[in-house]
Amino acid sequence: MDSFDSRRADELATLLALHEHGSFAAAGRQLERHPSVLSRRLGALEQRLGIRLVERTTRQLRFTDEGERLVSRLRQASRLIEEAEQEAAQGAATVRGRLRLALPAAMGRRWLSGLLADFVLAHPQVTLEVEYSDRFVDLVGEGFDAAIRIGELADNRLVANKLCDHLRILCAAPAYLANHQAPQCPADLETHNCLGFSGLRSFPEWRLTAGGRQQSVKVSGSLRGNDNEALLEAARRGVGIIAGGDWLMVEDLAAGRLVRVLPQWQLDVAAGIYFVRPSARLNTAALGVFKEWLERHFQAGAPWRMIEEC
């Protein structure tokens, strides 16, 4: 039987809708079919495969392990079909399609959301689905087309294009430095209240570099967390010294709310900001145009560094 037989397609669409919506009634509304029709389709699929995919109770549906695995594979197949359609449309005059992107939360909101808005205005036939999160999503397993990543890359399943260097600097509020003597060398940081970002790979160690010199300091302080913007607010209020990307603090530096500490030293000098995509995924027309758009805007310099030059 042809794998694209309409009956099979209906059965598989039913399984995906049930997984997404959690009930026959909700899935029926999506597919515009009566719940009893979906129940028969699911039963036919299970009979054909010889396996139980969904456990039914009067209150809920529970997918079996086999059902979860099949849904995962079907979603991957759906993405491949969508990519094949987009690839076939590459010769069209208008770029169209859907791109699923993963962006770092704070940087994405502050500096990249405007670029995305400009992109969809320039390419109205392209739909962007964006997740803003500081977690490292699995691009391959979760079906993302591309991501912006900060730091050092280790996943060899990804194709990476470096957009710019990532400068991680030390800053503090003038109020903090008025009450605490400014550190003169990295070792002095051990006596200061340092705001700890737990998302830093070397946390709680700060690995500092100045020219060819390197020095590591294990810092401590009264506040630590996994959100850069929360630590930034604490630094503004004079709580302590913060280590973060220049993109995070450039506006506060320009306004005088923060000043550089140990300005000749930086953290994680090998890190960068990258546009990454799965190596096994088709480079669709929409993805290619988006990549070129992003690279073109970074060629003149990262958007936050324009403030430094003003």
Could you check Arg52 against Glu46 for salt bridge (Lys or Arg N to Asp or Glu O under 4.0 Å), going step by step and ending with a plain yes or no? CA-CA 6 Å; Arg52 193 73 162 173; Glu46 291 178 324; 3.7 Å; yes
With the side chain counted from C-beta on, respond yes when Asp138 and Phe144 share a heavy-atom pair under 4.5 Å apart, and no when they do not. no
Going by side-chain contact (heavy atoms from CB on, under 4.5 Å), name the residues that satisfy it together with Ala234, two or more places apart in sequence or in a different chain. Leu195, Leu223, Val239
Scan residues 232-243 for pairs that pass side chain to side chain donor-acceptor pair (under 3.5 Å), counting only residues two or more places apart or in two chains. Glu233-Arg236, Glu233-Arg237, Arg236-Asp252
With sequence neighbours left out, write down each residue that passes ring-ring contact (aromatic ring centres under 6.0 Å, His included) with His34, or none if nothing qualifies. none
Begin with the C-alpha distance, continue with both residues' side-chain angles, and end with the deciding distance and a verdict on ring pair (Phe, Tyr, Trp, His ring centres under 6.0 Å) for Phe119 and Phe290. CA-CA 8 Å; Phe119 178 83; Phe290 179 74; 5.1 Å; yes
Verify salt bridge (Lys or Arg N to Asp or Glu O under 4.0 Å) between Glu20 and Arg75, making sure each step is shown before the conclusion. CA-CA 11 Å; Glu20 180 178 356; Arg75 284 178 173 162; 5.7 Å; no
Quick one: list whatever passes salt bridge (Lys or Arg N to Asp or Glu O under 4.0 Å) with Lys218, sequence neighbours left out. none
Sequence neighbours excluded, the answer for salt bridge (Lys or Arg N to Asp or Glu O under 4.0 Å) partners of Arg62 is none
Would you give the length of the straight line joining atom CD of Glu55 to atom CG of Leu61, rounded to the nearest 0.5 angstrom? 10.5 Å
Could you pull out all residues at least two apart from Asp165 that satisfy salt bridge (Lys or Arg N to Asp or Glu O under 4.0 Å)? Lys162
Is a side-chain N or O of His19 found less than 3.5 angstrom from the main chain of Leu15, in a donor-acceptor match? no
My understanding is that only residues two or more places apart in sequence, or in another chain, count here; which of them pass side-chain contact (heavy atoms from CB on, under 4.5 Å) with Ala178? none
Scan the side chains in residues 292-302 for donor-acceptor partners under 3.5 Å anywhere in the protein, sequence neighbours excluded, and list what turns up.
unit_1	atom_1	unit_2	atom_2	d
Glu295	OE1	Lys291	NZ	3.2
Glu295	OE2	Lys291	NZ	3.2
His297	ND1	Trp293	O	2.8

Could you list the donor-acceptor pairs under 3.5 angstrom formed by side chains in residues 225-232, with sequence neighbours left out?
unit_1	atom_1	unit_2	atom_2	d
Asp227	OD2	Glu229	N	3.2
Asp227	OD2	Ala230	N	2.8
Glu229	OE1	Arg109	NH2	2.4

Pair up each side-chain donor or acceptor in residues 21-33 with any protein partner under 3.5 Å, not counting sequence neighbours, and list the distances.
unit_1	atom_1	unit_2	atom_2	d
His21	NE2	Gln30	OE1	2.5
Ser23	OG	Ala26	N	3.0

According to side-chain hydrogen bond (donor to acceptor under 3.5 Å, both in side chains), who are the partners of Glu190, at least two apart in sequence or on a separate chain? none
What about Trp111 and Val120, same hydrophobic cluster or not, with Ile/Leu/Val/Met/Phe/Trp/Tyr joined at side-chain heavy-atom distances under 4.5 Å? yes
Please report the shortest heavy-atom distance between Trp206 and Ile242, naming the atom on each side. CH2-C, 4.4 Å
Can you find a heavy atom in the side chain of Leu208 that is under 4.5 Å from one in the side chain of Ser216? no
I want to check something: taking the side chain as every heavy atom from C-beta on, are Trp247 and Arg305 in contact at a cut-off of under 4.5 Å? no
If only side-chain N and O atoms count, and only distance matters, is there a donor-acceptor pair under 3.5 Å linking His123 with Arg96? no
Sequence neighbours excluded, which residues qualify as salt bridge (Lys or Arg N to Asp or Glu O under 4.0 Å) partners of Glu129? Arg98, Arg100
